[in-house]
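One structure below.
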2 protein chains.
Amino acid sequence: MQKVTINVVAKHAGVSKKTVSRVLNNEPNVSDATKQKVRAVFDELGYRPSPVARALATNQSLLIGLVYDNPNKSYVSEIQEGALSSCDDKGYHLIIHPTDHNGEHLLSNIDSLLIESRLDGLVLTPPFSDMPDLLNLLDSKETPYVRIGATEFCNVAEQNRVLSVISNDQQAAYQMTKYLISLGHHRIGFVKGHPDHPVSEQRYSGFLTALEDAGITVRQDYVQQGYFNFSSGEDCGRRLLSLDQRPTAIFASNDYMAAGILKVATQRNVSVPHELSVAGFDNAPISGYIWPSLTTVRQPIFSMAESALDILIDRIQKRPAPEKAIELPSELITRESTAPLR
Amino acid sequence: MQKVTINVVAKHAGVSKKTVSRVLNNEPNVSDATKQKVRAVFDELGYRPSPVARALATNQSLLIGLVYDNPNKSYVSEIQEGALSSCDDKGYHLIIHPTDHNGEHLLSNIDSLLIESRLDGLVLTPPFSDMPDLLNLLDSKETPYVRIGATEFCNVAEQNRVLSVISNDQQAAYQMTKYLISLGHHRIGFVKGHPDHPVSEQRYSGFLTALEDAGITVRQDYVQQGYFNFSSGEDCGRRLLSLDQRPTAIFASNDYMAAGILKVATQRNVSVPHELSVAGFDNAPISGYIWPSLTTVRQPIFSMAESALDILIDRIQKRPAPEKAIELPSELITRESTAPLR
DNA sequence: TTAATGTTTGACACCGGTGTCAATAAGTTG
DNA sequence: CAACTTATTGACACCGGTGTCAAACATTAA
């Protein structure tokens, strides 16, 4: 049984291979009769065109690379799934590239990646979305790309730089803080995220603004520096709960740190949420698996990835792209760890 | 600046493109002088061969597909990373394919996947590793594949069927149970995993065998049916802790269920590990983020994926493959949730 | 010195599609 | 019915590499 190529189909249908190609791609100017005939042969022979040959001829691989460097498995996983959702719809395939963002040869690595994987485009996630050198490289090679969760818009003079999908962490943190205030809390502690990560500043800023708007002055000893991991949450929790006048609510910049605080509270017999409300950020899986379950913010990660790919594919196919960053709303998820102040 | 193809390099170096190709692939019978000359032009022009053209000419895409259907993000993530680790080393790229294993058109989907993604081979994870129809399909198309965590070896008559990498869950469960017994526990409860999942039976069997070997008779009311998720763990925990004579230790078939049990114990003021030891399985991230932290079993997921890819790539390149399944050992991780019986 | 063998090289077809352009068939208009 | 469009089709080059095979050259054996 020989392989079914376009030549075989052509011979079988008694037409030229170009005509077969036309039918394949739904090009105009093929008579209905011919179309029928060729399609019948497709079915009969079970013909599938070779994507590789197509890629060579059209210079389009239908392959998109996803670059990330994030220890948060569930974040990565949601990004992947969102990305795939769009890819599947549009016939693209996703090649994943976890990459050390501090790597020495980062730029040349990404460079060879583009070539070796013959990618049509690249999806950048934080922190790659905000690396000017990388963006410059991609621009110079005219590689289509899209940025997820970018915080800076770089040189907006260049149109493609704008292509990005974000969620508004500042706003979400603002909402969460307002929510805690609406529960009657005034003495609210805050645990900042890793200083290297741009979202840390955004979340903190949302917190500050909400306090300001409510006319509450920020106590510096209520603000602790965390590092996005469980143990830094424990540390900050210990410090906050050791204060003479301890906060009645603590807002941690992510769920792992919030979980650490919960642990410390449990150890010290501080009852959550009766004596202390705790809120997190990210809606990490853990937030549902600890008790009390965690009030948190769900970011639209899946949708962000999905939109990002829509934009990227539009760009690859030279269709018009949005003028500015697309912003998708986060969602406040209230669970058991927060309660009105008694 | 025109694109640097093999023809350009050939012209520049004053040799035929075939000779360039020879240098590129380190083929023998090229004079040193020529080699130097051509290599110099590579550098000068920054030439990178087109993987697409190569794929067309050699019928090798260097693309490998990873098929999975697993809600456990960290499992998937480890599999991906292990797989990538081998792929990177050998110049392959990984295309991920989360796929509904109950999907109606599963077989035809995988079929088109093979063609559309022009894959050289396929990595199957549970439950795909054990689907005879799928294996038959792949065999019939002579697609190289490797199975991770397969429990059945199907028709060993066919050589490739054997290609699989496993961890011995039965044995690991046996060890864990023996460990609990060594702590002095006799009244040990067990929470089974999802009945559809082959490993459930294996873990249960390991538990049973260990009890048997220790001369302990199994009490049926100590064995509860769970479904691998948190809430089923809570349910089983409630049942076990409501028994007149409750167990002094509970071994849950995975960490999520163990976490559910921990939650119920906390709610009922049953102190873990003083009054109750709890053990899980999988070393899920959550096992370190709850308190007391969970004694569990770490499976060599990363290494399994890594070996699987080594095997697969060997097979793709027609190198000799191992005769039988490769078995990698699991590791007992003791943390705070288990203690000697007082 | 000649024949036999081994090394180095390039011409050319080929992988399986798509793009260009010209040839032919069909349809319209005056 | 001639002249002009428009629709349909195929020949052929091309994408950028690799495989085959024979020619040219160098080396060794007889």
Side-chain angles (χ1 to χ4, degrees), chain A residues 1-39 41-42 45-63 91 114-120 317-318, chain B residues 1-39 41-42 45-63 91 114-120 317-318:
Chain A
M1 189 187 75
Q2 80 161 334
K3 207 197 288 192
V4 183
T5 71
I6 197 171
N7 289 299
V8 177
V9 174
K11 206 161 295 172
H12 220 84
V15 298
S16 75
K17 66 189 223 178
K18 179 63 215 186
T19 298
V20 177
S21 169
R22 289 198 179 92
V23 175
L24 211 50
N25 296 288
N26 293 312
E27 284 176 29
N29 300 333
V30 181
S31 75
D32 286 346
T34 313
K35 244 181 257 179
Q36 304 298 330
K37 196 170 49 180
V38 174
R39 292 231 174 88
V41 178
F42 285 170
L45 268 45
Y47 168 69
R48 311 293 306 260
S50 152
V52 174
R54 274 183 148 154
L56 182 59
T58 61
N59 204 25
Q60 292 233 338
S61 66
L62 300 181
L63 258 29
L114 283 172
I115 298 168
E116 279 163 26
S117 314
R118 71 221 85 165
L119 302 176
D120 281 347
Q317 300 177 348
K318 316 273 183 199
Chain B
M1 189 188 78
Q2 80 161 332
K3 206 194 289 189
V4 182
T5 70
I6 196 170
N7 289 298
V8 177
V9 174
K11 206 161 295 172
H12 220 84
V15 298
S16 75
K17 65 189 221 175
K18 178 64 213 185
T19 297
V20 177
S21 169
R22 287 198 179 92
V23 176
L24 211 50
N25 296 288
N26 293 312
E27 284 176 30
N29 301 333
V30 180
S31 75
D32 286 345
T34 313
K35 244 181 258 181
Q36 305 296 332
K37 195 171 48 178
V38 174
R39 292 231 174 86
V41 178
F42 284 170
L45 269 44
Y47 169 69
R48 310 293 309 260
S50 152
V52 174
R54 272 184 151 155
L56 182 59
T58 61
N59 205 25
Q60 291 234 339
S61 65
L62 300 180
L63 259 28
L114 284 171
I115 298 168
E116 280 163 26
S117 314
R118 70 220 87 163
L119 302 176
D120 281 348
Q317 301 176 348
K318 318 269 183 201

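Throughout, a chain's letter reflects where its sequence line sits, starting with A, and its residues are numbered from 1. What's counted below: heavy atoms across the whole structure, side chains too, no hydrogens, waters or symmetry copies.
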Using distance only, find each side-chain donor-acceptor pair of residues 27-36 of chain A under 3.5 Å and give its atom names and separation, not counting sequence neighbours.
residue: A:S31; atom: OG; partner: A:T34; partner atom: N; Å: 3.2
residue: A:S31; atom: OG; partner: A:T34; partner atom: OG1; Å: 2.6

Atom CD1 of B:I6 and atom P of D:dG16 are separated, to the nearest Å, by 11 Å
Spacing between A:K17 atom NZ and C:dG16 atom P, to the nearest angstrom: 10 Å
Starting from C1' on C:dC15, measure out to CZ on A:R48 and report it in whole angstrom. 19 Å
What is the nucleic acid contact for B:V15, judged by heavy atoms within less than 4.0 Å: base, sugar-phosphate only, or nothing? sugar-phosphate
Side-chain heavy atoms of A:V52 within contact of A:R118, under 4.5 Å: no
Using nucleotides 19-29 of chain C, report all nitrogen or oxygen pairs with the protein that are shorter than 3.5 Å.
residue: C:dG19; atom: N7; partner: A:K18; partner atom: NZ; Å: 2.9

Under 3.5 Å, which donor-acceptor pairs do the side chains of residues 6-20 of chain B form with other protein atoms, sequence neighbours left out?
residue: B:H12; atom: NE2; partner: B:E44; partner atom: OE2; Å: 3.2
residue: B:S16; atom: OG; partner: B:K18; partner atom: N; Å: 3.4
residue: B:S16; atom: OG; partner: B:T19; partner atom: N; Å: 3.2
residue: B:S16; atom: OG; partner: B:T19; partner atom: OG1; Å: 3.2

What is the distance, to the nearest angstrom, from the CG atom on A:N29 to the P atom on D:dA7? 6 Å
Regarding A:N25, tell me which of base, sugar-phosphate or nothing describes its non-hydrogen contacts under 4.0 Å with the strands shown. sugar-phosphate
Atom pair distance, as rounded to whole Å: CG in B:N59 and C1' in D:dG16: 16 Å
Between B:L56 and B:K35, just flag the one whose closest nucleotide in DNA chain C comes earlier from the 5' side. B:K35
For B:V20, answer base if it contacts any base atom (sugar-phosphate contacts may also be present), sugar-phosphate if it contacts only those atoms, and nothing otherwise; contact means non-hydrogen atoms under 4.0 Å. nothing
Looking at C:dT8, I'd like to know if its phosphate oxygens (OP1 or OP2) sit under 4.0 Å from a side-chain N or O belonging to B:T34. no
Mind calculating the distance between CG (A:L62) and P (C:dG17) to the nearest angstrom? 14 Å
Distance-only donor-acceptor test, A:K3 side-chain atoms vs C:dG16 base atoms, 3.5 Å: no
On DNA chain C, does the nearest nucleotide to B:D32 precede the nearest nucleotide to B:A53 from the 5' side, or the other way round? Give the residue. B:D32
